[in-house]
Every structure is written in C-alpha cells, then in structure tokens.
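These numbers come from a predicted model, not from an experiment. Order of the sequence lines sets the chain letters (A, B, ...), proteins ahead of strands, with each chain counted from 1.
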Amino acid sequence: MSSRKVSAIKRNNVKVLGSGVQPMIFAHGYGCDQNMWRFVFPAFEEDYKIILFDHTGAGNSDESQYSFEKYDTLEGYADDILDICEELDLQDAILVGHSVSAMIAVLAAGKQSQRFAKLILIGPSPRYINDEDYFGGFNREDIDGLMEALDSNYLGWAAQMAPAIIGNGDRPELGEELTNSFCRTNPEIAKHFARVTFLGDNRPDLSTVKIPTLVVQCAEDIIAPREVGEYVHKNITNSKLSVLKATGHCPNLSAPEETIEVMKAFLNQP
Amino acid sequence: MDENIFHNLPLESAEELYENAPCGYISFLADGTIFRINNTLLHLLGYEVKDEIVHVKKIQDLFRIGGKIYFETHFFPLVKIQGFVKEVNFDLVGKDGNFFPALINVNQIPATKTHPVTYRASVIDITHRKKYEMALLEGKEKAEEATRAKADFLSTISHEIRTPLYAIVGIGNLIQNTPLDKLQKEYARILQFSSSNLLELVNNLLDLSKLEASKVKLEKKDFSLFELLEGMMHTFKLRANEKKIKLKKDFPIDLPDHLLGDPIKLNQILTNLFGNAIKFTREGYVKLRIEETQRSDKSISLKFSVSDTGIGIPKDKLKIIFREFSQASYDVNLEFGGTGLGLTISQKLLQMHGSELEVKSEEGKGSEFSFALDFKLSKERLPLQKKNARLMEDLSATGANVLVVDDNPVNLFITSEYLQNWGLRSQTVESGEGALKVVKEKKFDIILMDLHMPKMSGYEAAKAIRDLQQDPQPAIIALSASGRGDINLKMERAGINAYVPKPFNPTELQEVMLQLLKGNNHKSGTEEIFIPARDQTIYQSSLLPLGVPSVNFEKLSQLAKGDQVIFGKLIKNSLQSIKLLKKEFIENAFNENGENLSELMHKNTMTLHYLQGQRISMLLENLREAHRIENSENDLQRLRSLIIEELDEIAATLENEVAE
C-alpha cells in the first residue's frame with residue numbers, strides 16, 4: 001500500500017536529540033503534541049538518544065497521511081511507532097507513553113517486544129468507560145459529553161466557528177487571528193481520535209507486555225483515576241506502580257521534576 | 001457651569017472596575033483551586049456569596065464532564081506550554097445545575113518570590129451569540145443535507161442499475177462464446193455494445209456523484225506508464241479501426257516508465273478524452289502526445305494532449321462543455337450520443353491533482369484537450385504483466401479450486417460460468433455463513449467474495465476464514481460493485497488479498513487470480529479485482545462435468561438380470577416415462593411458482609434413479625431451489641431450457657438403445 005512508503009520520520013515530524021546511545025521514545029497523549037514533553041525530555045538528553053514525534057494528525061505531523069480507516073483503532077498509531085523504530089533502526093528502546101499513548105505503547109511492545117527494553121506508562125487507562133466490575137471512571141454519556149464539547153468547543157472559537165459558518169478560505173484571517181499556536185489539530189481528526197481513545201478497550205492487551213514497566217499515577221486524575229492505574233499495574237506482570245503527589249492528568253507538564261525523578265529511579269534499576 | 005465640579009469627582013477604583021466588569025474574572029492555582037472571582041461571574045453562575053466558591057471549588061468543577069476531560073487533555077497542557085489560551089468555548093455550570101456557553105481566555109501569571117504560579121481567566125457569556133450560530137449552522141446543514149440526499153440518490157440508483165447490468169454484460173460476453181448463426185452473432189454484438197455503453201454511463205454517474213460528495217481520494221502507487229498507455233491504445237484500436245480513424249502517438253524517446261501516482265485516475269482521464277476524440281471524429285486521426293515539461297532526479301512533469309480532426313467545438317461553447325450533461329448542441333447528441341459527463345469528471349479529477357483541463361478547438365477542424373500532471377519517478381521495478389493469450393492456459397494449469405460467494409444467484413451463475421470456461425473447478429455459496437461452512441469442510445485455493453451480503457458481510461466472512469488459520473491460506477479476492485479503487489485498509493484488515501470491481505473484466509480477474517496463485521503468498525495485493533457469489537445449490541449443474549453421460553443403463557441391466565427381452569421392455573418403459581415427464585414438465589412446470597414441480601419430480605424418482613440421470617435430477621432440484629429463493633425469471637428460464645435439452649438428450653439415448 002502506498003501509505004507505507006511514506007517516511008515515518010516525515011509523517012510524524014520525528015525529532016532526534018540527545019547524546020546517549022539507548023533510544024528513549026516519547027509518545028504524547030490525546031489533545032496535544034510532542035510539546036507535551038518539553039519539560040521532561042531535557043533531563044534525559046545526556047544519557048539517552050531522545051526521539052520525539054507527533055502522532056499522525058496531531059501537531060506538525062503530515063495531516064494528509066491521516067486515514068480514518070487506519071486510525072480507527074490504536075493499532076494504527078502503534079504501527080506508526082514501529083515504523084519510526086524501523087526507519088531509525090532503534091533497538092533496546094525505552095518507550096514512554098502518556099495518556100492514550102500508554103496503551104499505544106502497550107500495543108507496540110506487544111507487537112515487537114524485542115525492540116523495547118522498558119515501558120513507562122504515564123496516566124494509562126486501558127478502558128475509560130466503566131464495565132461491570134471494572135471501574136474506568138466514566139460512563140458512556142460522559143464520553144458523549146466530550147464529543148459534544150469537541151463539536152462546539154474546539155480550541156479557539158474563531159478558528160472553529162468562522163470556517164464552519166463562513167466556509168474555509170473565504171476569509172482566512174478570521175480563522176487565523178485567534179488560533180492558538182500549539183496543540184492544533186484538525187477538529188475532525190480530534191473528534192475521531194477522541195472516539196478511538198475513549199471508547200476503546202485494551203484491557204486484554206495488558207497481559208501481552210512482558211518487559212519491565214513503570215506505571216506512573218497522579219494523586220488526583222479524573223481521566224485516569226487511581227483504581228485504573230492499579231488495574232494496569234496488576235495486569236502487567238513485570239510492572240511497578242509509582243503514585244505521584246501531583247494532581248491532574250499531565251504530570252509531565254504540571255510536575256515535571258517529580259515525574260523525572262520516578263522515571264530515573266525506574267531506569268536506573270538494574 | 002462651574003468648571004471646578006470636574007476636579008472633585010471620585011476616581012474609578014480598580015476594585016470596582018474589577019468587580020463589575022462586563023466580563024467575568026476568575027483566578028486559580030495550578031491545581032485549579034479558585035482563589036478570586038468577580039461579582040459579574042459570581043452572579044452569572046447564580047451564587048450569592050464568594051465563600052461558596054473561593055477556596056472551595058476548582059475551576060474544573062465549573063465545567064460539565066466533557067469540558068472537564070477537555071480541560072485536562074487540551075486546555076491545561078496548552079496553558080502550561082504557551083502561557084495563555086484564547087477564546088475557548090466551555091459550558092459553565094451554575095449553582096442550580098444549569099449551564100451556559102462561555103468564552104474563556106486564560107493568562108498564566110508567573111511565580112514570584114512571594115506567590116506561586118497563578119492563572120487568571122476572563123469569562124464572557126455568549127448565550128446569544130450561540131443562538132445565532134446555531135441558526136446559521138442549522139441552515140447550512142439543511143442545505144448541505146439536501147445536496148447530499150440528491151447525490152446519495154444518484155449513487156443508489158446507479159448501484160441498483162449496475163447489478164442487473166452486470167448480468168446483461170456478462171451474459172452478452174458468454175453468448176458470444178457459444179455457437180451462433182450470423183444473425184444471432186449480430187444481435188449479440190449489438191447487445192454487448194449497447195450494454196457496455198450503458199454501463200459506462202452508469203459508471204460515469206457513479207463517479208460524478210462520488211466526486212461531488214468528495215468521496216474520491218487520490219492514490220499514490222507505482223505503475224507502469226507504458227503499460228497503461230498500451231492498454232488504453234489497445235482498447236481504442238478496435239473502435240478506431242471500425243471508423244477507419246488513425247491512432248497516432250507522439251511520445252518523447254526517453255519517457256520514463258515507472259512512475260508514482262494515481263494510474264486509475266490518469267487512465268480515466270485519458271480514456272474519457274480519447275473516447276470523446278474518437279466519438280467526434282468522422283475521418284482523419286486521433287493523436288496522443290506526451291511532452292516532458294520538467295524533470296529532476298525524483299520527479300517529472302508531463303503534458304498530455306489528445307487532439308483530433310473531428311467536428312470541433314464552436315467558440316461560444318468552449319466554456320460550457322465542462323459542465324455536467326452539456327454538449328455543444330442538441331444535434332451533437334443526436335449524432336454522436338454520449339452524456340457529456342466525461343469532461344466534467346476529467347476536469348474534477350484533474351482539479352484534485354491541482355491541474356486543469358485546457359481546450360483548443362476550431363469548428364470543423366478538430367479539438368485538442370491537454371493537461372499537465374506531476375509524477376514522482378518510481379524506482380520500483382514492476383513485474384511485467386502476463387499477456388492475455390497465455391493467461392487462460394496458465395490459469396487452467398493451476399487446477400485451482402475456487403469458491404464463489406455472492407448473495408445474488410445471477411452473479412453466482414455468471415461467475416461460475418466464466419470459471420468453468422477457464423477450466424477451473426468451482427463451487428458457489430450464497431452467503432458469508434455458507435462460505436465459512438464450506439471452507440471448513442473443503443480446501444479452496446481462491447475465494448471470490450462479494451462484500452455486501454445480508455447478515456455476514458464479505459469482510460466478516462473473510463476475517464472468519466482467516467481466523468481458521470488454514471494452511472495454506474486461500475487467496476481471497478473481493479468482488480464488489482462499490483468502487484473502482486484499490487484494495488483498501490478495511491479489506492486488508494479483513495485479510496482480503498485483492499479487489500476486482502464488478503462487473504469484472506475477465507482478463508483482469510484472470511490476471512489477479514493467476515498472480516495470487518503463483519505468488520501463493522496471499523499477503524496483500526495491489527490489484528483491483530471484483531467478483532460476486534451466492535448460492536450453493538442452484539448452479540451445481542454447471543459444475544457437472546460435461547463428459548458424464550446423461551443416463552447409465554447399469555442399474556436397468558442389473559434389474560433385467562441379463563434377460564435382453566426384459567431389458568428392452570425396461571428401456572421402452574423408461575422412454576415413455578421420460579417423454580411423459582417432458583410433456584408434463586412443459587405443461588405444468590412452466591407456471592409462475594413451480595408448485596407442481598415437486599410432485600413431478602416425486603413421480604419420476606424411480607425412473608430417474610434406474611436411469612442414473614444425475615444431471616437431470618440435479619437440474620430439476622436446482623430449478624425447485626431457484627423457485628424457492630425466488631430467482632430472477634431469466635435464471636429460471638435458463639434452467640428450464642437446460643432441463644428440456646437434457647430430457648431430449650435422454651430420450652435420444654433411449655431411442656438409440658431401442659433401435660439396437
């Protein structure tokens with residue numbers, strides 16, 4: 001298929017930094033782009049080869065490569081990570097995934113376990129919606145609420161509404177003027193990604209992970225509550241759970257020091 | 001007026017401006033805890049006193065659940081990264097649980113020695129604005145919906161027409177391979193010609209509706225330009241010869257062969273232009289010229305021109321010819337036919353490429369249509385395609401066993417007829433479930449799978465078959481009327497190897513089958529193919545080897561125990577029974593619903609058993625089944641004549657035996 005021939009480096013806006021040898025891949029979560037890691041990755045630059053990228057459809061990735069078919073499951077994103085690994089010939093890599101990318105990392109490691117040495121999952125959730133005995137933190141209506149929010153509340157009223165009403169291209173200045181410069185995503189893609197993220201169920205995939213894994217859990221996180229982090233920890237055989245003092249869903253932004261500390265402690269373990 | 005009065009007026013206090021500003025203000029800490037709010041917002045939210053909010057609530061608490069998720073995943077990261085966020089629309093929940101739409105701007109206030117990082121948001125109630133927006137959007141959606149409904153209707157109708165048309169084209173092809181007299185041959189030719197034209201029209205309509213609904217995507221794949229051009233020239237050679245028009249080509253000597261682009265669209269555009277050129281030219285020539293306008297290591301720009309010595313286009317019509325259903329004049333349509341869709345489609349396809357169709361023409365002298373396209377140069381070497389003559393031989397040599405799956409019995413019939421002609425064994429089933437069942441019992445090399453079937457779709461069936469983990473895995477080829485494109489990801493995920501559009505071009509299907517059989521890898525193909533399939537029982541008649549005799553006297557001679565007189569009587573009795581059967585069949589079984597058929601079959605069970613009339617039994621059984629599942633009249637008709645033929649054959653054999 002032609003889409004495979006596109007360079008993943010270009011498609012995913014891959015940045016390679018750092019002076020170390022062992023690769024450390026940072027996968028950003030839903031809603032943002034590789035900027036998510038800006039306070040975290042510098043702490044590892046000296047000892048690792050840092051790989052940053054934007055998921056297809058996010059940030060400065062090649063949006064034309066987005067396919068509603070391919071990215072209809074998280075597997076599509078996992079395949080992208082494996083593409084990057086292949087193109088850069090990454091071996092023995094540490095894969096760090098935040099939010100939905102924690103599950104993407106799980107899928108990637110499940111598919112090609114030989115490539116990865118360790119996984120670090122920040123705020124993971126294999127399933128957001130409650131299911132019988134399983135507590136995911138949300139019910140179906142909540143997620144519909146998010147879809148609704150995305151429908152009308154996309155970042156920057158002008159960026160969203162002006163083109164919707166006036167039509168793209170007619171008066172581009174209306175669309176540009178107030179747009180926020182980071183974490184821009186095409187609204188249709190954002191909605192699709194949200195659906196794939198929040199309606200997915202990756203619980204069965206957890207057991208495929210055999211490599212050492214760190215689960216980083218925030219003290220108060222409505223997106224991935226503590227019960228969920230514990231569930232992930234319990235279902236990944238070789239995992240360790242670190243509960244941070246930080247609150248919210250993005251400790252990599254709100255509490256980078258604490259996040260770095262637990263990551264380093266885990267990586268420096270024999 | 002005393003000027004001094006102005007000197008003593010009170011100053012505006014910052015506090016008052018803050019508290020009663022026309023927008024709400026709210027300030028919070030990094031974890032969201034609210035530490036200040038102005039009266040404007042407090043009242044907007046329906047609270048009386050600030051103590052109900054300050055230090056008690058977090059900013060997230062003011063959002064609905066969707067907003068909370070949005071805050072964590074978008075809003076907060078953005079504030080952290082860029083230090084501000086502008087104009088985000090949240091629904092804010094008031095004290096009474098009601099909510100209103102608000103626009104929020106946030107600024108991050110950096111930490112100092114005395115205080116941590118804080119955030120200040122301004123909040124504007126946009127309830128009224130939302131209402132206007134909604135009204136505008138609603139109107140827009142309604143208009144779009146109406147357009148969409150029209151396009152959908154067009155697409156549905158085209159689809160519906162395509163299915164029976166498939167049968168007509170297919171039968172037209174099949175008839176030509178049967179012994180025909182001169183007149184019948186001419187009829188068959190006209191049938192084929194007209195049905196192909198109709199199919200082209202329907203395909204164009206379908207393409208247009210897809211283009212209008214923006215459902216067409218550009219593909220990028222390696223292709224051989226020479227092969228594409230050769231194939232196209234070959235197609236038009238026949239038509240040009242018929243009209244005694246010359247086909248000319250003018251290509252640069254070093255025209256590269258292997259390109260990366262969308263060969264299907266290129267072929268479509270060139271075919272449209274070429275077809276028009278031939279159509280509107282009475283004598284002279286039609287020429288395809290390719291010029292290289294730019295070239296680098298990696299890419300090439302080509303200009304394609306199709307010129308003719310035809311009737312030309314009047315100056316004042318040059319602009320309208322690109323519009324749907326427009327030809328230069330009514331008379332043009334009368335003489336030359338056509339729908340006037342080809343140019344519209346070509347123009348739209350080119351616009352997708354960022355290019356445009358240009359036209360130069362002089363009435364009475366001819367026209368030239370040209371366009372420019374950029375291609376990447378492909379390094380990949382494509383395997384040379386098999387030439388037609390050898391295809392069938394090669395295919396039949398594989399001895400492949402083929403399963404045809406389609407819910408339409410006519411499609412099943414046609415496809416299995418083709419397969420039989422190609423010397424392949426085949427079996428047919430009418431559903432995805434049926435396919436799965438049969439595949440469990442028997443090995444197939446190739447499965448031709450319709451995609452759209454009730455209950456279990458072709459995708460599901462393919463996936464289920466893949467899940468059986470057979471070794472070796474059968475090749476699965478999707479045959480579907482739904483598009484002309486490549487195999488797509490959905491097919492690939494279902495484990496489908498290739499896709500051939502329906503109605504299929506026999507050579508194309510042969511090529512794809514052969515390729516898959518040879519490769520035997522059954523990974524993913526890049527060919528497009530297509531076939532339909534459906535009923536297990538109906539057309540098994542076509543699977544009975546022709547070499548099997550209609551009757552076999554073994555059982556009768558066992559019955560006669562070597563007594564020639566008794567054997568002779570048995571034969572005569574059988575002959576009478578068969579003649580009666582034929583008479584009754586013609587009288588009774590030709591009614592609408594075939595009700596009497598079962599009775600007739602029952603009555604003749606023993607006769608047919610002793611004659612070992614396998615084929616006739618099967619044909620009768622098939623006819624009964626065909627009635628049961630309400631096959632098309634054509635279908636029934638075909639079976640009926642086969643049955644009469646077979647009865648005649650049996651009667652003739654018996655008469656021979658009597659004579660001896």
Side-chain angles (χ1 to χ4, degrees), chain A residues 1-3 5-6 29-32 35-36 38-39 67 69-70 72-73 76 99-100 128 138 141-150 152-161 164-165 167 178-183 185 190 194 197-198 220-223 246-250 252-255, chain B residues 30-33 58 60 63-82 84-91 101 103-105 117 124 126 129-130 132-134 136-137 139-140 217-222 260-262 378 380 486-490 492-493 524 526:
Chain A
M1 300 287 298
S2 52
S3 56
K5 290 185 188 113
V6 172
Y30 171 69
C32 206
N35 280 297
M36 275 286 209
R38 52 166 45 190
F39 305 134
S67 139
E69 258 179 318
K70 174 174 175 185
D72 206 34
T73 72
S99 192
V100 64
Y128 292 91
F138 297 93
E141 294 77 59
D142 297 339
I143 302 305
D144 291 340
L146 172 68
M147 299 303 162
E148 212 181 286
L150 285 172
S152 58
N153 305 358
Y154 201 70
L155 280 183
W157 175 86
Q160 166 77 351
M161 289 313 296
I165 293 173
L178 292 164
T179 310
N180 297 285
S181 53
F182 290 96
C183 307
T185 312
T197 300
F198 289 104
E220 281 175 46
D221 179 355
I222 70 151
I223 307 277
T247 60
H249 187 55
C250 304
N252 38 348
L253 288 171
S254 62
Chain B
D31 70 352
T33 305
K58 290 185 172 186
Q60 299 94 308
F63 303 141
R64 297 165 72 203
I65 182 79
K68 284 188 217 274
I69 301 174
Y70 189 76
F71 178 86
E72 293 289 343
T73 55
H74 289 78
F75 195 90
F76 178 73
L78 195 54
V79 179
K80 267 286 175 190
I81 293 170
Q82 82 181 3
F84 66 92
V85 173
K86 286 193 163 155
E87 293 227 329
V88 175
N89 175 198
F90 279 101
D91 283 338
L103 278 189
I104 300 187
N105 289 282
V117 171
I124 301 164
I126 55 164
R129 194 153 118 185
K130 267 275 158 187
Y132 303 144
E133 273 171 38
M134 288 303 155
L136 278 169
L137 276 182
K140 183 171 176 266
K217 273 187 257 167
L218 283 184
E219 305 282 340
K220 255 200 182 144
K221 65 186 230 179
D222 296 303
L260 190 67
D262 193 328
S378 164
E380 209 155 301
D486 279 327
I487 181 165
N488 62 28
L489 202 67
K490 191 169 172 196
E492 207 182 322
R493 280 198 177 138
S524 108
T526 48

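Listed options A/Asn252, A/Ile223, A/Asp72 were ranked by heavy-atom pairs under 4.5 angstrom with chain B; first place goes to A/Ile223. Contact count against chain A (heavy-atom pairs under 4.5 Å) is highest for B/Ile65 among B/Ile65, B/Asp31, B/Val117. With chain B as the partner, the residue from A/Val100, A/Thr247, A/Asp142 showing the most heavy-atom pairs under 4.5 Å is A/Asp142.
You'll find the side chain of A/Phe138 reaches within 4.5 Å of the side chain of B/Ile69, heavy atoms only. The closest side-chain heavy-atom distance from B/Gln60 to A/Ile222 is not below 4.5 Å.
Closest heavy-atom contact between A/Arg38 and B/Ile81: NH1-O, 3.1 Å. A pairwise comparison of heavy atoms in A/Tyr30 and B/His74 identifies CE2-CE1, 3.3 Å as the closest pair.
Here the CG atom belonging to A/Asp221 is positioned 6.5 Å from the CD atom belonging to B/Glu72, to the nearest 0.5 angstrom. Note that the NZ atom of A/Lys70 and the CD atom of B/Glu492 stand 10.5 Å from one another [nearest 0.5 Å]. To the nearest 0.5 Å, the span separating CG on B/Leu78 from CG on A/Leu253 amounts to 10.0 Å.
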